Structures are given as C-alpha cells and as structure tokens.
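Residue numbers count from 1 along this sequence. Not measured: the values here are computed from a predicted model.
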Amino acid sequence: MKEPVERLAMGPIFGLWRDTWWLWTIFMTALLGAVIFVTPFFLFMAPAFVVMFLYFAFVRYDENGKNRGDM
C-alpha cells in the first residue's frame, strides 16, 4: 500500500529532527537571545535557519527518514 505524497515528503524532515533536535533548539535559543539582548535585526536570520534545515533534511535523508550515510 502506497503512502500519501504528503507523508513521503515529511520523512526527511522527521529524520533530521529526530537526530538533531537538540542542535536546532540551541540555534534558535541563541538567535532568540541575540534578538532580545543585541538587536531585533537578527530576526532576519530565522528564515535562513529554516532553509538550512530543509536543505540538510532533503540532502542527507531519504523519503523514509533514514540517514543516507556517506555519499
């Protein structure tokens, strides 16, 4: 039985989040700290983090959320 297309597209995202949730949490906490204590201008980096996350998800993980290993 085939899975819906939406579920297949989420496999790499869930795989990366499962393996690196702690790192992305640190990134976002540091970004929030920079926004609050330095300048709100750092808020413009938030979309860059989203793009990086999606890039690494679709490059490093297959449609089932498994790490592709060394390429």
Side-chain angles (χ1 to χ4, degrees):
M1 183 175 194
K2 286 189 149 190
E3 292 186 51
V5 174
E6 296 86 22
R7 177 68 181 134
L8 292 176
M10 295 300 290
I13 295 170
F14 287 140
L16 182 63
W17 184 252
R18 178 191 64 233
D19 294 342
T20 61
W21 65 269
W22 55 273
L23 180 64
W24 294 101
T25 303
I26 291 170
F27 284 160
M28 284 303 174
T29 303
L31 178 64
L32 184 61
V35 167
I36 291 172
F37 295 113
V38 180
T39 179
F41 185 74
F42 282 106
L43 197 56
F44 287 111
M45 289 184 58
F49 282 132
V50 173
V51 170
M52 283 189 300
F53 181 84
L54 293 175
Y55 171 77
F56 284 117
F58 286 103
V59 168
R60 299 297 297 170
Y61 290 82
D62 65 7
E63 62 273 355
N64 296 320
K66 296 178 185 169
N67 194 344
R68 292 184 185 176
D70 290 334
M71 291 197 243

Quick one: does N64's side chain have a donor or acceptor within less than 3.5 Å of a partner on K66's backbone?
no

Test side chain to side chain contact (heavy atoms under 4.5 Å, CB included) applied to L32 - qualifying residues, sequence neighbours left out
I36

Checking the side chain of R18 only, and the main-chain atoms of G65 only, is there a donor and an acceptor separated by less than 3.5 Å?
yes

Output for pair (F27 CZ, T20 OG1), nearest 0.5 Å, gives 9.0 Å

Who pairs with W21 by side chain to side chain contact (heavy atoms under 4.5 Å, CB included), at least two apart in sequence or on another chain?
W17, T25

Closest heavy-atom pair and its distance - V35, L43
CG2-N, 3.6 Å

Locate the shortest heavy-atom distance separating Y61 from P12; write the atom from each residue and the value.
CB-CA, 3.7 Å

Does the side chain of M52 come within less than 4.5 Å of Y55's, by heavy atoms?
no

Let me check something: do L23 and V51 share a hydrophobic cluster, defined by ILVMFWY side-chain heavy atoms less than 4.5 Å apart, either directly or through other members?
no

Hey, could you give me the CH2/CZ distance between W24 and F56, rounded to the nearest 0.5 Å?
6.5 Å

So, for M28 and F49, which heavy atoms are closest and what is the spacing to 0.1 Å?
CE-CB, 3.6 Å

Is a side-chain donor or acceptor of R68 paired with a backbone partner of R60 at a separation under 3.5 angstrom?
no

From L16 CG over to N67 CG, what is the distance, rounded to the nearest 0.5 angstrom?
9.0 Å

is_close_aromatic(F44, F41), centroid dist under 6.0 Å:
yes

